[in-house]
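Step one of this worksheet: look at the structure below.
Treat the numbers as computed from the prediction; the structure is a model and nothing was measured.
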Amino acid sequence: MPLPTTHSADEALVKCLLSTQLPRLAALPLARLDPAGSDNVIYRLGGELSVRLPRGEWAAEQPEKESRWLPRLAPHLPLAIPEPVALGSPGCGYPWHWSVSRWLPGSPPEIGALSRPDRTALDLARFVAALHRFPVDLSLAAGPHTGFIGAPLARRDADTRAAIAATADVFDRTALTAVWDAALAAPPWPHPPVWVHGDLHPGNLLMHSGEISAVLDFGGLGVGDPACDALIAWTLLPPSAREIFRVESGLDDDSWTRGRGYALSTGLNAYTAYAATNPRVAASTRHQITATLADFQRA
């Protein structure tokens, strides 16, 4: 019998999984987070833990990958990342692995409301540079949910051009095509692949006491072109801080151009998929798209 492609992972299911697999945690209060991520349903478990369950088959490999690699990465990174506590197995009618991690305090940064944007840019650049320096293990399989992360931009060409056409009544089609064409024309990454987070946007960051304190959601963790980790420059940072990030992260000019194309592509695809039903995504992706366009026009 084929597995379902998506799952709602309601509270009754989570309680069943905990009681049967992690009974020592089953009595802790459970509260679903809303909004959560597009890949995972997230619950807060007591005061110190969180439970993450993939929403669908496209994200089913993420818990095992994070459980394997995050403990190895954490000592080498200058910002906190999730600390896995347990890896759950399929059960109670739920078909995939799931995970329990330490709860990290803080809240996602608000676009346009950074109290110290230059400091934020520096902290994020140092995080990205450290991740890119970590020795690569090519045994890490990207998995179907990360097939485009860290890969050559040409793989995104058809979908990106379709998204540009689909949003022609909202954005300047000619201008966005110019940004995308320039990114495709940039020379590809000429060096061995490096570790990449692959999804650095404000929703995957935490701020505490006015500073970036943690990086979340390593479901896109993989190896490839580091340009994809420039994404945060256009999803969060203002232009002046963006330049600090560019210099301190060590990304060269060609990587920056490819990164801008990656930011445009992911922004457009998220806009076409979610903007009609999710005002929060509509606002954040509109900012992302227009930031890449303005940055290209200034270059």
Side-chain angles (χ1 to χ4, degrees), residues 5-6 33-42 52 54-59 62 108-112 124 128 142-173 175-180 183-184 196-206 215-222 224-225 227-238 242 258-296:
T5 56
T6 61
L33 298 190
D34 187 32
S38 57
D39 285 352
N40 295 276
V41 177
I42 304 173
R52 296 173 74 240
R55 292 181 185 272
E57 290 175 313
W58 70 88
Q62 294 182 16
E110 294 184 20
I111 298 170
L124 289 169
V128 165
H145 58 285
T146 57
F148 291 123
I149 293 176
L153 283 181
R155 293 192 190 177
R156 308 184 69 95
D157 189 39
D159 287 345
T160 301
R161 293 190 190 279
I164 290 173
T167 57
D169 59 335
V170 181
F171 305 108
D172 185 333
R173 178 174 182 172
L176 294 185
T177 300
V179 177
W180 182 241
L184 286 178
V196 296
H197 179 280
D199 198 20
L200 278 178
H201 63 75
N204 286 338
L205 302 174
L206 291 178
V215 179
L216 308 177
D217 196 348
F218 284 74
L221 181 69
D225 181 356
C228 64
D229 282 342
L231 174 66
I232 193 63
W234 295 279
T235 56
L236 178 64
L237 300 176
R242 195 176 298 147
R258 294 193 307 276
R260 186 167 51 212
Y262 183 80
L264 174 67
S265 176
T266 56
L268 283 168
N269 288 334
Y271 187 90
T272 57
Y274 299 110
T277 58
N278 190 321
R280 180 178 60 89
V281 172
S284 64
T285 53
R286 181 186 289 271
H287 169 84
Q288 179 175 338
I289 294 162
T290 55
T292 62
L293 176 57
D295 188 62
F296 178 76

- Taking it one step at a time, do Tyr274 and Arg280 satisfy side chain to side chain contact (heavy atoms under 4.5 Å, CB included)? CA-CA 9 Å; Tyr274 299 110; Arg280 180 178 60 89; over 6 Å; no

- Task: Give the intermediate values and the outcome of side chain to side chain contact (heavy atoms under 4.5 Å, CB included) for residues Gln288 and Leu231.
- Result: CA-CA 9 Å; Gln288 179 175 338; Leu231 174 66; 3.5 Å; yes

- Message: Working note: Leu264 + Ile289, criterion side chain to side chain contact (heavy atoms under 4.5 Å, CB included); need CA distance, chi angles, decisive distance, verdict.
- Response: CA-CA 5 Å; Leu264 174 67; Ile289 294 162; 4.1 Å; yes

- Message: Run Leu124 and Leu200 through side chain to side chain contact (heavy atoms under 4.5 Å, CB included) and show every step you take.
- Response: CA-CA 9 Å; Leu124 289 169; Leu200 278 178; 5.5 Å; no

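How far CG of Asp39 is from CD of Gln62: 4.5 Å, rounded to the nearest 0.5 Å. One finds the CG atom of Leu153 at 11.5 Å from the CZ atom of Arg260 (value rounded to the nearest 0.5 Å). In this structure, the separation between CD1 on Ile164 and OG1 on Thr177 is 4.0 Å, given to the nearest 0.5 Å. In this structure, OG1 on Thr167 lies 10.0 Å from CZ on Arg286, to the nearest 0.5 angstrom.
When Asp295, Thr292, Thr266, Thr290 are each tested for a side-chain hydrogen bond (donor to acceptor under 3.5 Å, both in side chains) with Trp234, only one passes: Asp295.
The side-chain heavy atoms of Leu205 and Pro108, taken from C-beta on, include no pair separated by under 4.5 Å. Considering only heavy atoms from C-beta on, Tyr271 comes within 4.5 Å of Val170 through its side chain. Taking the side chain as every heavy atom from C-beta outward, Pro109 and Leu236 approach each other to under 4.5 Å. A 4.5 Å side-chain heavy-atom check between Pro202 and Ile232 finds at least one atom pair inside the cut-off.
Side chain of Asp199 to backbone of Asn204: no donor-acceptor contact under 3.5 angstrom is found. A donor-acceptor pair under 3.5 Å is formed between the side chain of His197 and the backbone N or O of Asp217. Ser265 contributes no side-chain N or O that, together with a main-chain N or O of Gly261, makes up a donor-acceptor pair within less than 3.5 Å. Under a 3.5 Å cut-off, the side chain of Asp225 and the backbone N or O of Ala151 do not form any donor-acceptor pair.
The two residues Asp157 and Arg161 come nearest to each other via the heavy atoms OD1-NE, 2.8 Å. The heavy-atom pair separating Ala270 from Thr285 by the smallest distance is CB-CG2, 3.6 Å.
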